[in-house]
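Presented below is the structure to which this report refers.
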Amino acid sequence: MNTAYIAAKERWAARKSGTSRTTERSRERIPPGQKQVTNFPVLDLGIKPEILPAQWRLKIGGQVERPVTLDWEAFLALPQTNDTSDFHCVTTWSQLDMTWTGVSFLALADLVQPRASATHVFFKSYDGYSTNNPLDVCLDEDVLIAHTWNGAPLPTEHGGPARVIIPKRYAWKGAKWIREITFLDRDILGFWELRGYSNTADPWTEDRFS
Ligand SMILES: Nc1nc2c(c(=O)[nH]1)N[C@H]1C(S)=C(S)[C@@H](COP(=O)(O)O)O[C@H]1N2
Ligand SMILES: [Mo]
């Protein structure tokens, strides 16, 4: 049994049963050093892979009981979650109230069952990008593998068919064009983390660079 996974399920159950409510969010919406924008800038490595849903696969493995490779149909057959969250890019723009639909990371964890040894998660994308996060960060209920943005299919430039959204971290922690999710028993740095970006990436403490 994985303790981070059990703790996340306990929080979820307490909220569903009405014995706990999600903590009230700070009234301050724009983290220090950020400016609000109303457009949605595009940031990538110069490659925008065109993956048709029919070709798309999401491989999930590593320190889990039941590794799986999902095709598009199997991915959409999983429980779907809607969430509205704010988006903070380290290059100092923030966009508020982004509405996403997708599969929660928690639902993926339900499917593959992380082993007790799993402490970190490594994300790999179709453009060669990668990023990493602690497992407990990924198990927050607002973490989604999103395929829909503001009611429409996620456009290719923003990571369609599907991307990771981790609202409480700077946006580079959310991989666009997600291809592989690996549960690990140690931390491995991703693309920007190897190039001087913070490994923890908390917008509220301006935790931008390592
Ligand atoms: N696969 C992939 N995911 C990625 C990136 C990338 O280059 N490739 N850039 C990251 C960075 S630095 C940011 S700020 C956000 C940007 O998302 P957007 O282009 O939809 O605004 O995606 C993140 N995820
Ligand atoms: Mo970024």
Side-chain angles (χ1 to χ4, degrees), residues 29-53 55-60 70 72 75 82-103 105 108 120-134 137-138 140 142-182 188-210:
R29 295 285 295 279
I30 307 290
Q34 297 289 110
K35 288 183 290 295
Q36 187 179 354
V37 299
T38 50
N39 61 322
F40 192 2
V42 173
L43 284 101
D44 57 44
L45 304 175
I47 307 162
K48 293 177 182 55
E50 294 272 356
I51 315 295
L52 296 173
Q55 308 164 325
W56 182 89
R57 297 288 182 278
L58 176 59
K59 186 178 171 192
I60 311 171
L70 299 169
W72 191 245
F75 176 64
N82 296 306
D83 189 64
T84 301
S85 58
D86 300 342
F87 191 101
H88 308 296
C89 174
V90 72
T91 59
T92 74
W93 55 271
S94 291
Q95 196 180 163
L96 304 185
D97 294 322
M98 306 279 268
T99 299
W100 303 99
T101 307
V103 175
F105 189 94
L108 291 183
H120 291 82
V121 184
F122 196 73
F123 298 85
K124 278 192 213 162
S125 299
Y126 278 97
D127 62 342
Y129 187 78
S130 58
T131 188
N132 56 299
N133 288 281
V137 167
C138 298
D140 207 343
D142 58 7
V143 174
L144 302 187
I145 319 304
H147 52 71
T148 296
W149 168 56
N150 291 348
L154 184 62
T156 299
E157 67 265 30
H158 289 300
R163 76 175 297 167
V164 180
I165 291 292
I166 305 182
K168 294 188 182 74
R169 293 293 178 261
Y170 283 121
W172 87 79
K173 287 289 185 182
K176 310 203 286 189
W177 310 293
I178 185 66
R179 171 187 200 146
E180 199 171 328
I181 300 177
T182 310
I188 293 181
L189 300 181
F191 187 89
W192 287 123
E193 292 82 3
L194 284 170
R195 291 169 175 77
Y197 284 64
S198 158
N199 195 25
T200 37
D202 173 15
W204 294 96
T205 56
E206 283 211 66
D207 178 18
R208 298 173 194 269
F209 309 107
S210 60

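Every number for a ligand or one of its atoms is a count from 1 in the order of the listing.
A cation-pi geometry, defined here as NZ or CZ lying under 6.0 Å from the six-membered ring centre and within 45° of its normal, holds between R195 and F191.
Close approach of ligand 1 to W93 (heavy-atom distance below 4.0 Å) involves ligand atoms 21 (O). Below 4.0 Å from some heavy atom of A175 lie the following atoms of ligand 1, by number and element: 3 (N). The G174 neighbourhood of ligand 1 comprises atoms 4 (C), 22 (O), 23 (C), 24 (N), with distances under 4.0 Å to a heavy atom of that residue. Under a 4.0 Å criterion applied to the non-hydrogen atoms of S125, ligand 1 contributes the atoms 1 (N). Using a 4.0 Å cut-off to heavy atoms of W177, the atoms of ligand 1 that qualify are 1 (N), 2 (C), 8 (N). Those atoms of ligand 1 with a heavy atom of V42 less than 4.0 angstrom away are 19 (O). Contact atoms of ligand 1 toward F40: 18 (P), 20 (O), 21 (O) (distance under 4.0 Å to a heavy atom of the residue). Of all the atoms in ligand 1, the ones that sit under 4.0 Å from a non-hydrogen atom of P41 are 18 (P), 19 (O), 21 (O).
The single protein non-hydrogen atom nearest to atom 14 (S) of ligand 1 is C89 SG, 3.3 Å, given as residue, atom name and distance. Annotation: atom 22 (O) of ligand 1 to nearest protein heavy atom, R163 NH2, 3.3 Å. Summary of contacts: the protein heavy atom closest to atom 9 (N) of ligand 1 is L43 O, 3.6 Å. Considering only non-hydrogen protein atoms, atom 7 (O) of ligand 1 sits nearest to D44 CA, 3.2 Å. Taking atom 11 (C) of ligand 1 as the reference point, the nearest protein heavy-atom neighbour is W172 CA, 3.7 Å. For atom 19 (O) of ligand 1, the closest non-hydrogen atom on the protein side is K176 NZ, 2.5 Å.
Without hydrogens or angle criteria, W177 side chain to T156 main chain gives a donor-acceptor distance under 3.5 Å. Using a distance-only test at 3.5 Å, with no hydrogens or angles considered, no donor-acceptor pair links the side chain of N132 to the main chain of V121. Proximity of a side-chain donor or acceptor of E180 to a complementary backbone N or O of Y126 within less than 3.5 Å is not detected.
For F87, every heavy-atom contact with ligand 1 shorter than 4.0 Å involves the side chain, none the backbone. Heavy atoms from both the backbone and the side chain of L45 come within less than 4.0 Å of ligand 1. Contacts between W149 and ligand 1 below 4.0 angstrom, taking non-hydrogen atoms only, are absent altogether. Using a 4.0 Å cut-off between heavy atoms, A171 contacts ligand 1 through both its backbone and its side chain. Under 4.0 angstrom from ligand 1, the non-hydrogen atoms of Y129 all belong to its side chain.
The nearest pair of heavy atoms linking I165 to A146 is CG1-CB, 4.2 Å.
Taking the six-membered ring for Trp, W172 and Y129 have ring centres at least 6.0 Å apart.
With 3.5 Å as the limit, one finds no donor-acceptor pair spanning the side chains of Q36 and W93. Side-chain contact, D97 with T84: no donor N or O sits under 3.5 Å from an acceptor N or O. T101 and N82 share a donor-acceptor pair across their side chains, judged by distance under 3.5 Å alone. No side-chain donor-acceptor contact under 3.5 Å links E193 and S210.
By the 30° and 60° cut-offs, the orientation of the rings of F87 relative to F40 is perpendicular.
For the residues D127, I165, V90, the heavy atom positioned nearest atom 8 (N) of ligand 1 is part of D127.
Each of N133, D202, N199, T200 was scored for a side-chain hydrogen bond (donor to acceptor under 3.5 Å, both in side chains) with K173, with one residue passing: N199.
At a 3.5 angstrom cut-off on N or O pairs, H158 counts as close to ligand 1.
Salt bridge present: K168 and D142 bring a charged side-chain N and a carboxylate O closer than 4.0 Å.
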